[in-house]
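Beneath this line is the structure, given in C-alpha coordinates, with notes to follow.
Everything quoted here is computed from the prediction, not taken from an experiment.
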Amino acid sequence: VVEDIIQCFQYCEDTENCKAIAFRKSTSTCYLKNKSGGNNGPSSNADYQSANIACENRRFDRSCVRENIWFNSADLVNFAVANIEECSKHCRETESCKALSFRVSDQRCYLKSKFGGNYPSNSEGYYSLNMECNNRPINNLDCLRQDIVFNAGDMGSIVVADVSECVRRCRDTEGCKAITFRQTDNTCFLKSYNGGYSGPTRQSSHASMNLECDNR
(Lines give C-alpha, C1' and ligand atoms only; values in the text may rest on other atoms or scores of the structure.)
Protein backbone atom coordinates (compact mmCIF):
# COMPACT_ATOMS: atom_id res chain seq x y z
CA VAL A 1 0.00 0.00 0.00
CA VAL A 2 1.32 3.42 -1.00
CA GLU A 3 0.32 7.06 -0.66
CA ASP A 4 -0.24 7.67 -4.37
CA ILE A 5 0.83 6.56 -7.85
CA ILE A 6 3.98 8.70 -7.64
CA GLN A 7 5.21 6.66 -4.69
CA CYS A 8 4.33 3.49 -6.62
CA PHE A 9 6.58 4.73 -9.45
CA GLN A 10 9.37 5.38 -6.97
CA TYR A 11 9.15 1.86 -5.54
CA CYS A 12 9.36 0.41 -9.04
CA GLU A 13 12.37 2.56 -9.93
CA ASP A 14 14.08 1.37 -6.71
CA THR A 15 13.36 -2.30 -7.48
CA GLU A 16 15.64 -4.33 -9.74
CA ASN A 17 13.85 -5.76 -12.79
CA CYS A 18 10.69 -3.70 -12.21
CA LYS A 19 9.49 -2.48 -15.59
CA ALA A 20 5.88 -1.40 -14.98
CA ILE A 21 3.28 -0.69 -12.34
CA ALA A 22 -0.45 -1.04 -11.79
CA PHE A 23 -1.99 1.22 -9.12
CA ARG A 24 -5.39 0.38 -7.62
CA LYS A 25 -7.02 3.66 -6.67
CA SER A 26 -9.68 2.35 -4.27
CA THR A 27 -7.13 0.70 -1.96
CA SER A 28 -3.94 2.60 -2.91
CA THR A 29 -2.35 -0.76 -3.68
CA CYS A 30 0.79 -0.73 -5.85
CA TYR A 31 1.59 -3.73 -8.04
CA LEU A 32 5.14 -3.97 -9.40
CA LYS A 33 5.57 -5.75 -12.75
CA ASN A 34 8.63 -7.47 -14.21
CA LYS A 35 7.36 -7.10 -17.79
CA SER A 36 6.39 -3.98 -19.67
CA GLY A 37 2.61 -4.09 -20.04
CA GLY A 38 2.37 -7.02 -17.61
CA ASN A 39 2.48 -10.65 -18.70
CA ASN A 40 -0.46 -10.65 -21.14
CA GLY A 41 -1.06 -6.97 -21.85
CA PRO A 42 -3.70 -4.50 -20.68
CA SER A 43 -7.39 -4.79 -19.83
CA SER A 44 -9.96 -2.12 -19.01
CA ASN A 45 -10.64 -1.41 -15.32
CA ALA A 46 -11.72 2.03 -14.06
CA ASP A 47 -10.19 1.39 -10.64
CA TYR A 48 -6.65 1.06 -11.98
CA GLN A 49 -3.92 3.24 -13.43
CA SER A 50 -0.97 1.53 -15.11
CA ALA A 51 2.30 2.62 -16.66
CA ASN A 52 5.57 1.32 -18.00
CA ILE A 53 8.66 2.90 -16.49
CA ALA A 54 10.03 3.37 -20.00
CA CYS A 55 7.48 3.97 -22.76
CA GLU A 56 7.55 4.43 -26.53
CA ASN A 57 5.57 7.14 -28.27
CA ARG A 58 6.69 6.55 -31.84
CA ARG A 59 4.27 7.46 -34.61
CA PHE A 60 2.12 4.67 -36.02
CA ASP A 61 3.69 3.05 -39.10
CA ARG A 62 1.06 1.82 -41.57
CA SER A 63 3.57 0.07 -43.83
CA CYS A 64 3.22 -3.19 -41.85
CA VAL A 65 -0.62 -3.26 -41.97
CA ARG A 66 -2.15 -6.23 -43.82
CA GLU A 67 -5.73 -5.48 -44.92
CA ASN A 68 -8.42 -8.20 -44.71
CA ILE A 69 -5.99 -10.54 -42.95
CA TRP A 70 -6.52 -12.22 -39.56
CA PHE A 71 -3.59 -13.58 -37.54
CA ASN A 72 -4.92 -16.82 -36.02
CA SER A 73 -4.36 -17.80 -32.36
CA ALA A 74 -1.30 -16.87 -30.24
CA ASP A 75 -3.59 -14.44 -28.37
CA LEU A 76 -2.40 -12.63 -25.29
CA VAL A 77 -5.53 -10.57 -24.59
CA ASN A 78 -8.29 -8.71 -26.43
CA PHE A 79 -10.20 -5.52 -25.64
CA ALA A 80 -12.02 -2.61 -27.29
CA VAL A 81 -10.02 0.39 -28.52
CA ALA A 82 -10.71 3.58 -30.44
CA ASN A 83 -8.77 2.57 -33.56
CA ILE A 84 -5.89 0.47 -34.89
CA GLU A 85 -3.40 3.15 -33.86
CA GLU A 86 -4.37 2.68 -30.20
CA CYS A 87 -4.22 -1.10 -30.65
CA SER A 88 -0.68 -0.76 -32.00
CA LYS A 89 0.34 1.45 -29.08
CA HIS A 90 -0.87 -1.17 -26.57
CA CYS A 91 1.08 -3.88 -28.39
CA ARG A 92 4.20 -1.74 -28.44
CA GLU A 93 3.88 -1.21 -24.69
CA THR A 94 3.40 -4.94 -23.96
CA GLU A 95 6.69 -6.82 -23.75
CA SER A 96 5.27 -10.16 -24.93
CA CYS A 97 3.37 -8.64 -27.88
CA LYS A 98 4.83 -9.13 -31.37
CA ALA A 99 1.74 -8.61 -33.54
CA LEU A 100 -1.93 -7.66 -33.50
CA SER A 101 -5.23 -8.11 -35.28
CA PHE A 102 -7.89 -5.40 -35.26
CA ARG A 103 -11.58 -6.09 -36.02
CA VAL A 104 -13.23 -3.02 -37.52
CA SER A 105 -16.87 -3.93 -36.76
CA ASP A 106 -16.52 -3.59 -32.98
CA GLN A 107 -13.04 -2.02 -32.77
CA ARG A 108 -11.64 -5.10 -31.03
CA CYS A 109 -7.90 -5.30 -30.55
CA TYR A 110 -6.18 -8.70 -30.30
CA LEU A 111 -2.58 -8.74 -29.07
CA LYS A 112 -0.46 -11.66 -30.32
CA SER A 113 2.62 -13.35 -28.88
CA LYS A 114 3.94 -14.48 -32.27
CA PHE A 115 4.67 -12.66 -35.51
CA GLY A 116 1.72 -13.46 -37.77
CA GLY A 117 -0.02 -15.41 -35.00
CA ASN A 118 0.05 -19.13 -35.69
CA TYR A 119 -0.80 -18.44 -39.36
CA PRO A 120 -2.76 -15.85 -41.41
CA SER A 121 -6.16 -16.26 -43.01
CA ASN A 122 -8.40 -14.19 -45.31
CA SER A 123 -10.89 -12.28 -43.15
CA GLU A 124 -12.78 -9.26 -44.46
CA GLY A 125 -13.04 -6.42 -41.97
CA TYR A 126 -9.80 -7.24 -40.15
CA TYR A 127 -6.45 -5.51 -40.19
CA SER A 128 -3.33 -7.22 -38.88
CA LEU A 129 0.26 -6.21 -38.45
CA ASN A 130 3.56 -7.33 -37.02
CA MET A 131 5.40 -4.79 -34.90
CA GLU A 132 8.40 -5.51 -37.10
CA CYS A 133 7.91 -6.50 -40.74
CA ASN A 134 9.86 -7.16 -43.92
CA ASN A 135 8.51 -5.16 -46.85
CA ARG A 136 11.54 -5.60 -49.10
CA PRO A 137 10.83 -6.61 -52.72
CA ILE A 138 10.63 -10.34 -53.45
CA ASN A 139 13.90 -11.02 -55.25
CA ASN A 140 14.51 -14.71 -54.58
CA LEU A 141 12.01 -16.36 -56.93
CA ASP A 142 14.95 -18.27 -58.41
CA CYS A 143 14.30 -20.57 -55.42
CA LEU A 144 10.89 -21.50 -56.88
CA ARG A 145 10.51 -25.12 -58.03
CA GLN A 146 7.81 -25.54 -60.69
CA ASP A 147 5.51 -28.58 -60.63
CA ILE A 148 6.72 -29.50 -57.13
CA VAL A 149 4.72 -29.94 -53.91
CA PHE A 150 6.36 -29.79 -50.48
CA ASN A 151 4.46 -32.43 -48.51
CA ALA A 152 3.18 -31.96 -44.93
CA GLY A 153 4.61 -29.53 -42.41
CA ASP A 154 1.63 -27.21 -42.99
CA MET A 155 1.10 -24.23 -40.69
CA GLY A 156 -2.02 -23.03 -42.51
CA SER A 157 -3.28 -21.92 -45.90
CA ILE A 158 -4.52 -18.66 -47.38
CA VAL A 159 -5.76 -17.48 -50.78
CA VAL A 160 -3.40 -14.93 -52.34
CA ALA A 161 -3.04 -12.93 -55.55
CA ASP A 162 0.14 -14.64 -56.74
CA VAL A 163 3.24 -16.49 -55.61
CA SER A 164 4.97 -13.27 -54.52
CA GLU A 165 2.17 -12.57 -52.04
CA CYS A 166 2.49 -16.16 -50.82
CA VAL A 167 6.14 -15.46 -50.04
CA ARG A 168 5.19 -12.28 -48.20
CA ARG A 169 2.65 -14.16 -46.05
CA CYS A 170 5.37 -16.66 -45.14
CA ARG A 171 7.81 -13.86 -44.30
CA ASP A 172 5.15 -12.37 -42.00
CA THR A 173 4.65 -15.65 -40.11
CA GLU A 174 6.97 -16.74 -37.31
CA GLY A 175 8.43 -20.18 -38.00
CA CYS A 176 7.49 -20.25 -41.70
CA LYS A 177 10.36 -21.61 -43.81
CA ALA A 178 8.78 -22.64 -47.11
CA ILE A 179 5.67 -22.45 -49.28
CA THR A 180 3.68 -24.46 -51.76
CA PHE A 181 1.51 -22.43 -54.16
CA ARG A 182 -1.42 -24.13 -55.93
CA GLN A 183 -1.92 -22.30 -59.20
CA THR A 184 -5.44 -23.55 -59.96
CA ASP A 185 -7.01 -21.56 -57.10
CA ASN A 186 -4.11 -19.40 -55.83
CA THR A 187 -3.97 -21.19 -52.48
CA CYS A 188 -0.79 -20.61 -50.52
CA PHE A 189 0.35 -23.30 -48.07
CA LEU A 190 2.79 -22.16 -45.40
CA LYS A 191 5.35 -24.72 -44.27
CA SER A 192 7.31 -24.99 -41.04
CA TYR A 193 10.03 -27.19 -42.61
CA ASN A 194 12.31 -26.56 -45.55
CA GLY A 195 10.95 -28.78 -48.29
CA GLY A 196 7.93 -29.68 -46.16
CA TYR A 197 8.01 -32.32 -43.45
CA SER A 198 8.00 -35.26 -45.89
CA GLY A 199 9.94 -33.73 -48.74
CA PRO A 200 8.97 -32.90 -52.34
CA THR A 201 6.93 -34.77 -54.92
CA ARG A 202 6.22 -33.84 -58.53
CA GLN A 203 2.71 -32.46 -59.19
CA SER A 204 1.53 -30.19 -62.00
CA SER A 205 -0.06 -26.78 -61.34
CA HIS A 206 1.96 -26.33 -58.16
CA ALA A 207 5.13 -24.44 -57.32
CA SER A 208 7.14 -24.64 -54.12
CA MET A 209 10.11 -22.89 -52.59
CA ASN A 210 12.16 -22.53 -49.45
CA LEU A 211 12.59 -18.92 -48.36
CA GLU A 212 16.30 -19.65 -48.21
CA CYS A 213 17.70 -21.99 -50.85
CA ASP A 214 20.98 -23.23 -52.26
CA ASN A 215 21.13 -23.01 -56.05
CA ARG A 216 24.74 -24.09 -56.34
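Distance alone, capped at 3.5 Å, places no donor-acceptor pair between the Asn130 side chain and the Ala99 backbone. Listed for the Asn40 side chain is no donor-acceptor partner under 3.5 Å among the backbone atoms of Val77. Side chain of Lys98 to backbone of Lys112: no donor-acceptor contact under 3.5 angstrom is found. Under a 3.5 Å cut-off, the side chain of Asn151 and the backbone N or O of Gly199 do form a donor-acceptor pair. In terms of modelled atom types and a separation under 3.5 Å, the side chain of His90 and the main chain of Ser88 share no donor-acceptor contact. The backbone N or O of Met209 lies less than 3.5 Å from no partner atom in the side chain of Arg145, so there is not a single donor-acceptor pair. Of the possible polar contacts, none joining the Asn118 side chain to the Asn72 backbone as a donor-acceptor pair under 3.5 Å is found. At least one donor-acceptor pair under 3.5 Å links the side chain of Asn215 to the backbone N or O of Asp142. Distance alone, capped at 3.5 Å, places no donor-acceptor pair between the Asp172 side chain and the Phe115 backbone. Within the 3.5 Å criterion, the main-chain N or O of Cys143 finds no donor-acceptor partner in the side chain of Asn140.
For the pair Phe60 and Val65, the tightest heavy-atom approach, listed with the atom from each and the gap, is CZ-CG2, 3.9 Å. Minimum interatomic distance between Asn52 and Phe9 (heavy atoms only, all atoms of both residues): O-CE2, 4.3 Å. Minimum heavy-atom separation, Phe150 to Thr180: N-OG1, 3.1 Å. Closest approach of Thr173 and Pro120 over heavy atoms only: OG1-CD, 3.5 Å. Taking each heavy atom of Asn135 and Ser63 in turn, the nearest pair found is ND2-O, 2.9 Å. Here the closest heavy-atom approach between residue Ile148 and residue Arg202 is recorded as CD1-CA, 4.1 Å.
The cluster map of Ile, Leu, Val, Met, Phe, Trp and Tyr, joined by side-chain heavy atoms under 4.5 Å apart, puts Val149 and Val159 in different clusters.
In this structure, OG1 on Thr94 lies 7.5 Å from CG on Leu76, to the nearest 0.5 angstrom. With rounding to the nearest 0.5 angstrom, the OG atom of Ser208 is 7.0 Å from the NZ atom of Lys191. Rounding to the nearest 0.5 Å gives a distance of 9.0 Å between NE2 of His206 and OG1 of Thr201. We find the CG-SG distance between Leu129 and Cys87 to be 7.5 Å, quoted to the nearest 0.5 Å. The CG atom of Asp154 sits 8.0 Å away from the OG atom of Ser192 when rounded to the nearest 0.5 Å.
Under a cut-off of 6.0 angstrom, the local environment of OH in Tyr31 is crowded, with over 12 non-hydrogen atoms contributed by other residues, nucleotides or ligands. Around CD of Glu13, the count of heavy atoms belonging to other residues, nucleotides or ligands within 6.0 Å exceeds 12. Within 6.0 Å of atom OH in Tyr193, 12 or fewer heavy atoms from other residues, nucleotides or ligands are found, so the atom counts as exposed in its surroundings. Residue-environment remark: NZ (Lys114) exceeds the threshold of 12 foreign heavy atoms within 6.0 Å.
Using a 30° and 60° split on the angle between ring planes, Trp70 and Tyr110 fall in the perpendicular class, above 60°.
One finds no salt bridge joining Arg108 and Asp106 here, because no Lys/Arg side-chain nitrogen approaches an Asp/Glu carboxylate oxygen to under 4.0 Å. Under 4.0 Å is where a charged nitrogen must lie from a carboxylate oxygen, and between Glu85 and Lys89 no such pair does.
For the two cysteine residues Cys170 and Cys176, the thiol sulfurs sit under 2.5 Å apart. Cys91 has its SG atom within less than 2.5 Å of the SG atom of Cys97.
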